[in-house]
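All values derive from a computational prediction rather than experimental measurement. Chain letters run A, B, ... following the sequence lines, proteins first and then strands; every chain starts at 1. Heavy atoms only: backbone and side chains are in, while hydrogens, waters and symmetry mates are out.
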Number of protein chains: 2
Amino acid sequence: MDEEQGQFEKRSFVEEMGLFFEQSGMPRMAGRVLAWLLLSDPPQQSLDELAEALMASKGSISTTTRLLIQIGLIERISLPGVRHNYFRTRPRAFQHSLKQGVERVAILRKLAERGLELLEGKAPLTRQGLEEMRDMYAFFEREFPLLLERWEQEQEERRSQFVQ
Amino acid sequence: MDEEQGQFEKRSFVEEMGLFFEQSGMPRMAGRVLAWLLLSDPPQQSLDELAEALMASKGSISTTTRLLIQIGLIERISLPGVRHNYFRTRPRAFQHSLKQGVERVAILRKLAERGLELLEGKAPLTRQGLEEMRDMYAFFEREFPLLLERWEQEQEERRSQFVQ
DNA sequence: CAGTATGTTCAGTCTTGACAAAATATACAA
DNA sequence: TTGTATATTTTGTCAAGACTGAACATACTG
């Protein structure tokens with residue numbers, strides 16, 4: 001692929017990830033940084049490189065990387081004899097973020113339970129909405145981790161195949 | 001429970017749902033309206049009732065209800081001979097919203113694939129992040145609907161038990 | 001230690017979008 | 001049709017927070 005064209009496509013990839021993050025209630029810049037790191041060759045990039053590539057201030061990148069580290073999507077690596085710190089996407093980054101999704105499910109399940117306490121003694125039809133909410137999220141709170149385990153196992157198996 | 005105390009708890013429930021929505025990138029008011037409808041007895045409430053209960057303008061409620069209807073969490077009902085429209089939470093509301101979650105997973109899977117096209121021919125280590133992303137979301141895109149089906153089936157079975 | 005490269009924090013700017021209030025539109029009743 | 005109740009759309013205001021740039025802090029080098 002033509003390099004120039006590739007640059008354009010990369011920007012578009014970066015920007016769409018940014019929008020996705022924004023829609024999910026996070027800063028757009030966080031999506032941009034993650035996307036850029038996913039595309040980077042080599043996979044690790046310094047703060048200055050990120051700032052230049054994304055046309056953002058160092059301050060903004062510094063804040064953003066901290067956020068991304070905190071939610072487990074990227075990590076900082078430092079090489080001996082090199083002053084820079086580098087950032088790269090964390091292995092199993094998305095697995096990690098899905099695990100946090102489970103916690104959000106738990107929040108909703110608990111909220112539903114609190115709501116039901118407030119409707120103690122009311123007609124079943126009145127309680128129906130919250131009961132559905134509670135049962136549904138309880139189900140996923142239970143089943144989701146199992147699904148994740150299955151995923152991890154499948155990955156294990158695939159890796160051991162390659163070793164042979 | 002003491003009625004006054006109940007009011008306080010309800011406000012807190014409403015507000016927390018609002019915050020949850022905000023964290024998820026939606027207007028806080030949408031969470032408030034949904035929460036209020038979940039608690040309401042009777043379950044249907046008019047635009048004016050919502051505006052008064054939530055101390056919000058009618059315009060704000062009107063916009064918000066339209067959004068909530070659009071994403072499938074509530075529905076409008078009109079009773080013959082009554083000028084009001086009423087709103088109430090939609091049966092299976094949360095099931096519906098989880099289904100939309102699958103679409104979001106698909107977006108990420110497709111994004112990952114687009115990214116990988118840009119890394120055609122690069123070293124496996126460079127591609128690793130995006131490959132993980134693609135495989136992971138592809139897995140969930142496949143498995144999630146199955147989980148939803150299982151949930152629906154379980155619900156079916158529970159309902160038919162009550163009929164007997 | 002001084003000097004330089006790197007990273008963080010903070011104050012200020014600017015944009016976005018949630019919300020209120022008012023104007024407009026729509027539907028119904030007499 | 002006219003009047004009244006209801007709902008939507010629009011315009012404007014305000015606040016939140018993303019981002020910049022600069023000041024500050026830290027860590028490394030010679």
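- By the 6.0 Å contact criterion, CD on A:Glu154 is enclosed, its count of non-hydrogen atoms from other residues, nucleotides or ligands being greater than 12.
- Counting to the nearest Å, the P atom of C:dA5 and the OH atom of A:Tyr86 are 15 Å from each other.
- Contact check, B:Arg32 against C:dA18: no side-chain N or O comes under 4.0 Å of OP1 or OP2.
- Between B:Arg109 and B:Asp135 there is no salt bridge, since no side-chain nitrogen of the basic residue lies less than 4.0 Å from a carboxylate oxygen of the acidic one.
- Considering only residues two or more places apart in sequence or on other chains, B:Glu143 meets the side chain to side chain donor-acceptor pair (under 3.5 Å) condition with A:Arg150.
- To the nearest angstrom, C1' of C:dG7 lies 12 Å from NE2 of A:His84.
- Applying the ring-ring contact (aromatic ring centres under 6.0 Å, His included) test to B:His96 and every residue at least two apart in sequence or in another chain returns nothing.
- Distance A:Phe87 CZ to C:dT6 P: 13 Å, rounded to the nearest Å.
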Sort me out a list of protein N/O and nucleotides 25-30 of chain C N/O pairs below 3.5 Å, or just none if empty.
residue: C:dA29; atom: O4'; partner: B:Arg83; partner atom: NH2; Å: 3.3

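- A:Ser24 is linked by a side chain to side chain donor-acceptor pair (under 3.5 Å) to B:Arg104, counting only residues two or more places apart in sequence or in another chain.
- Heavy atoms of B:Ser60 sit under 4.0 angstrom from primed sugar atoms or phosphate atoms, though from no base atom.
- Note on the helix from C:dC1-D:dG30 to C:dA30-D:dT1: angle between the axes of the first and last five pairs equals 10°, rounded to 10 degrees.
- For residues 64-74 of chain B, the set of pairs meeting the side chain to side chain donor-acceptor pair (under 3.5 Å) definition, not counting sequence neighbours, is empty.
- Every side chain to side chain donor-acceptor pair (under 3.5 Å) that B:Ser12 has, sequence neighbours left out, goes to A:Arg114.
- For A:Ile71, the side chain to side chain contact (heavy atoms under 4.5 Å, CB included) partners at least two apart in sequence or on another chain are A:Met26, A:Leu67, A:Leu68, A:Leu73, A:Gln100.
- Within a heavy-atom distance below 4.0 Å of DNA chain D, the residues of residues 40-58 of chain A found are A:Met55, A:Ala56, A:Ser57.
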With a cut-off of 3.5 Å and sequence neighbours excluded, list every side-chain donor-acceptor pair involving residues 88-95 of chain A.
residue: A:Arg88; atom: NE; partner: A:Glu75; partner atom: OE2; Å: 2.9
residue: A:Arg88; atom: NH2; partner: A:Glu75; partner atom: OE2; Å: 3.2
residue: A:Arg90; atom: NH1; partner: A:Gly72; partner atom: O; Å: 3.3
residue: A:Gln95; atom: OE1; partner: A:Trp151; partner atom: NE1; Å: 3.3
residue: A:Gln95; atom: NE2; partner: A:Glu152; partner atom: OE2; Å: 2.9

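- Residues A:Ser62 and A:Arg28 each lie close to DNA chain C; by heavy-atom proximity, the contact nearer the 5' end of the strand is made by A:Ser62.
- Taking every nucleotide of DNA chain D with any atom under 4.0 Å from a non-hydrogen atom of chain B, the first and last of them, 5' to 3', are D:dT4 to D:dT9.
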Margin query: For A:Phe140 and B:Phe144: C-alpha separation, side-chain torsions, deciding distance, then whether ring-ring contact (aromatic ring centres under 6.0 Å, His included) applies.
Written below: CA-CA 10 Å; A:Phe140 277 90; B:Phe144 211 81; 5.4 Å; yes
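- Salt-bridge formation is not detected for the pair A:Glu113/A:Arg134: no Lys NZ or Arg NE/NH1/NH2 atom is positioned less than 4.0 Å from an Asp or Glu carboxylate oxygen.
- Look at B:Arg159 and B:Glu156 and you find a salt bridge, because one of the NZ, NE, NH1 or NH2 atoms lies within 4.0 Å of a carboxylate O, short of that distance.
- Applying the side chain to side chain donor-acceptor pair (under 3.5 Å) test to residues at least two apart or on different chains, the pairs with a partner in residues 31-51 of chain A are A:Glu15-A:Arg32, A:Asp41-B:Lys122, A:Asp41-B:Thr126, A:Ser46-A:Glu49.
- The CD1-P distance, from A:Ile77 to C:dG7, rounds to 12 Å in whole Å.
- In this structure, the CD1 atom of B:Ile61 is 10 Å from the C1' atom of C:dC19, given to the nearest Å.
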